[in-house]
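Take a look at the structure set out below.
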Amino acid sequence: MMSDPNSKRKVTYRLYPTPRQSELLEALLRHHQQLYNAALEERISAWQKAGKSISYAEQCSSLTQLRHELPEWAAANCSSQQMTLRRLDKACQAFFRRVKKGEKPGFPRFKSLSRFPGFSFKSHGDGWKFTPGDKWKHGTLRMSGVGHVACRCKARQGGRICASDILYRDGEWLLSLTVEPTAIVRGRVAHNATALDWGVETLLSCVDESGDTTEIENPRWYQSSKDHIAALQQSVARKKRGSNRRQIAARRLRKAQGKQSRRRLDHLHKETNSIARQNALVAMEDLTVKNMTRSAKGTVKEPGKNVAQKAGLNREILDTAPALLRRLLRYKVLETGGMWVVAPTKKLKPGQTCPECGHQARKVLSERVHRCTSCGHTEPRDTASARVVLNWALYGTPYQPGPGREPSRGMA
């Protein structure tokens, strides 16, 4: 059971800088990109020449000396420069962690300006300040060296501003604020208990405490736009590298991919908001997306089977964004003051357990109907799995006990 109503949130505004401010923002973006690459080069050279690993603290000290010696490096905010060094430090730490675990290392790469997402600021008031409008609708961003920049957006809720990121995407400047909400504002219109089973064929199969079932269809965003995106990718591949026509084609491709991503996010926001407002208890099994989307290639000595089919399944799984779905649903349920229950998949095995008697039998993935050999219970596999999770959340067992026992919410 988890309760975290005051966890931090992200609020994104679109910036509308003047032409002069756009030039200044582009100069800052280029400055942070060069700082990132220079810091990465310093780490690589120190290791190759002396076998020494440079820490974040040492690079911050070098940055302080550099700001004293070169006035152009002192023009940018020092805390913001430290955030760029911190980003590189986290990338290096993740590299060493993956090496230690025997995973694919993924060494940090040098960033071109087109692949550098933006730069960050620390505490509010340190080189920047955001003034929201009435009820957090629109606002103004003041940045040192840039001036006051108009912002447009309507935040669902405000709070204490902690940090910010200035992002550049597809020709647009964005302000992403990290906000700590001061109050719960999401209301609830009903007080039901429900359990959800995630899937690819059907996005969510829902079962409530009265036994009613509902299904939320999978929109399949990738399938609906793959032909258009594939055509744009081919258009980019045909253009000469470095040409203006290639840049225009690449911009069109990024916009199409961004639209697909925004449609997916909008759909998940709407569905999770509806579920959170309708239920006081929401239960869902624990999903390990990394394991579900593991490649079937195998090794050179022992190559895997059905590699193409597994790759297609992985693509469909990631198209539903299961980790994002869970994250959105969790914080929205907690914002209503509801209860969020995560069922242990390995212990409970919802897809192999009968919700009527608790009998477990192994099923292959293609078997989409649950037929219990013990009690004869039959229903769609996804709703049966959701019913097992709901029974566990309400009663502490995978099957519903006799009429003499009352549900014990939060028992799990």
Side-chain angles (χ1 to χ4, degrees), residues 1-2 188-218 271-272 274-289 291-292 313 316-317 320 322-323 325-326 329-330 333 336 338-412:
M1 198 65 55
M2 308 174 75
R188 192 190 314 138
V189 297
H191 303 276
N192 303 318
T194 189
L196 314 173
D197 182 78
W198 165 88
V200 172
E201 184 176 353
T202 301
L203 180 62
L204 289 175
S205 298
C206 314
V207 178
D208 61 26
E209 55 189 335
S210 64
D212 296 334
T213 63
T214 56
E215 291 184 346
I216 299 176
E217 296 300 323
N218 182 4
E271 296 296 345
T272 53
S274 176
I275 294 171
R277 296 193 65 193
Q278 295 290 335
N279 298 279
L281 182 147
V282 178
M284 194 174 182
E285 67 174 305
D286 192 15
L287 299 175
T288 307
V289 181
N291 294 343
M292 293 190 299
L313 177 60
E316 294 295 327
I317 290 174
T320 63
L325 169 66
R326 268 196 55 188
L329 187 59
R330 173 188 175 274
V333 169
T336 65
M339 303 177 68
W340 169 251
V341 181
V342 179
T345 303
K346 293 183 179 180
K347 174 184 175 182
L348 197 59
K349 299 180 180 179
Q352 304 173 17
T353 305
C354 177
E356 289 294 323
C357 64
H359 175 72
Q360 290 186 349
R362 190 175 184 84
K363 302 185 187 77
V364 296
L365 188 61
S366 59
E367 190 176 349
R368 305 314 303 165
V369 178
H370 167 77
R371 295 183 178 89
C372 183
T373 57
S374 178
C375 67
H377 178 69
T378 301
E379 71 172 309
R381 178 174 177 172
D382 293 341
T383 57
S385 299
R387 206 180 301 278
V388 169
V389 173
L390 182 62
N391 290 337
W392 184 84
L394 294 177
Y395 307 102
T397 62
Y399 59 93
Q400 186 171 349
R405 181 174 179 181
E406 295 296 327
S408 176
R409 293 190 179 181
M411 179 178 181

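All values below were derived from every heavy atom in this structure, side-chain atoms included, with hydrogens, water molecules and symmetry-related copies excluded.
Nearest heavy-atom pair across Thr383 and Val207 is O-CG2, 3.6 Å. Nearest approach of Glu201 to Arg368, heavy atoms of both residues: OE1-NE, 4.1 Å. Between Thr373 and His359, the shortest heavy-atom contact is OG1-NE2, 3.6 Å. Of all the heavy atoms in His377 and Cys354, the pair that sits closest is CB-SG, 4.0 Å. In terms of heavy-atom proximity, Gly351 sits nearest to Lys363 at O-NZ, 2.9 Å. When all heavy atoms are compared, the tightest approach of Ala386 to Ser205 is CB-O, 3.6 Å.
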Evaluate the criterion side-chain contact (heavy atoms from CB on, under 4.5 Å) for residue pair Arg387 and Thr213; output intermediate values, then yes/no. CA-CA 9 Å; Arg387 206 180 301 278; Thr213 63; 3.7 Å; yes

Could you walk me through whether Ser210 and Asp212 pass side-chain hydrogen bond (donor to acceptor under 3.5 Å, both in side chains), step by step? CA-CA 6 Å; Ser210 64; Asp212 296 334; 3.3 Å; yes

Run Arg326 and Val342 through side-chain contact (heavy atoms from CB on, under 4.5 Å) and show every step you take. CA-CA 10 Å; Arg326 268 196 55 188; Val342 179; 3.8 Å; yes

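Remark: the backbone N or O of Glu271 is not paired with any side-chain donor or acceptor of Ser274 at under 3.5 angstrom.
Separation of atoms CG (Asn279) and CE (Met339) is listed at 13.0 Å; rounding is to 0.5 Å. Between the CD atom of Glu356 and the SG atom of Cys372 there is a distance of 9.0 Å, given to the nearest 0.5 Å. In this structure, CG in Asp286 is found 13.0 Å from NZ in Lys347, a value given to the nearest 0.5 Å. Going from atom CZ of Arg371 over to atom CZ of Arg381 covers 12.0 Å, rounded to the nearest 0.5 Å. Distance OG1/Thr202 to CG/Asp197: 9.5 Å, rounded to 0.5 Å. Atoms CG and OG1, from Leu204 and Thr214 in turn, are 9.0 Å apart once rounded to the nearest 0.5 Å.
By the 6.0 Å contact criterion, NZ on Lys349 is open, its count of non-hydrogen atoms from other residues, nucleotides or ligands being 12 or less.
By the 4.5 Å heavy-atom criterion applied to side chains, Pro350 and Trp392 are not counted as neighbours. The shortest side-chain heavy-atom distance between Leu325 and Met284 falls under the 4.5 Å cut-off. Contact check for Thr353 versus Leu348: no side-chain heavy atoms found under the 4.5 Å cut-off. With a 4.5 Å cut-off on side-chain heavy atoms, Pro355 and His370 count as touching. The side-chain heavy atoms of Leu329 and Leu196, taken from C-beta on, include a pair separated by under 4.5 Å. Counting heavy atoms from C-beta outward, Val369 and Thr378 have side chains that approach closer than 4.5 Å. Between Glu209 and Asn192 the shortest side-chain heavy-atom distance falls below 4.5 Å. Taking 4.5 Å as the limit, some side-chain heavy atom of Asn218 sits within range of a side-chain heavy atom of Thr320.
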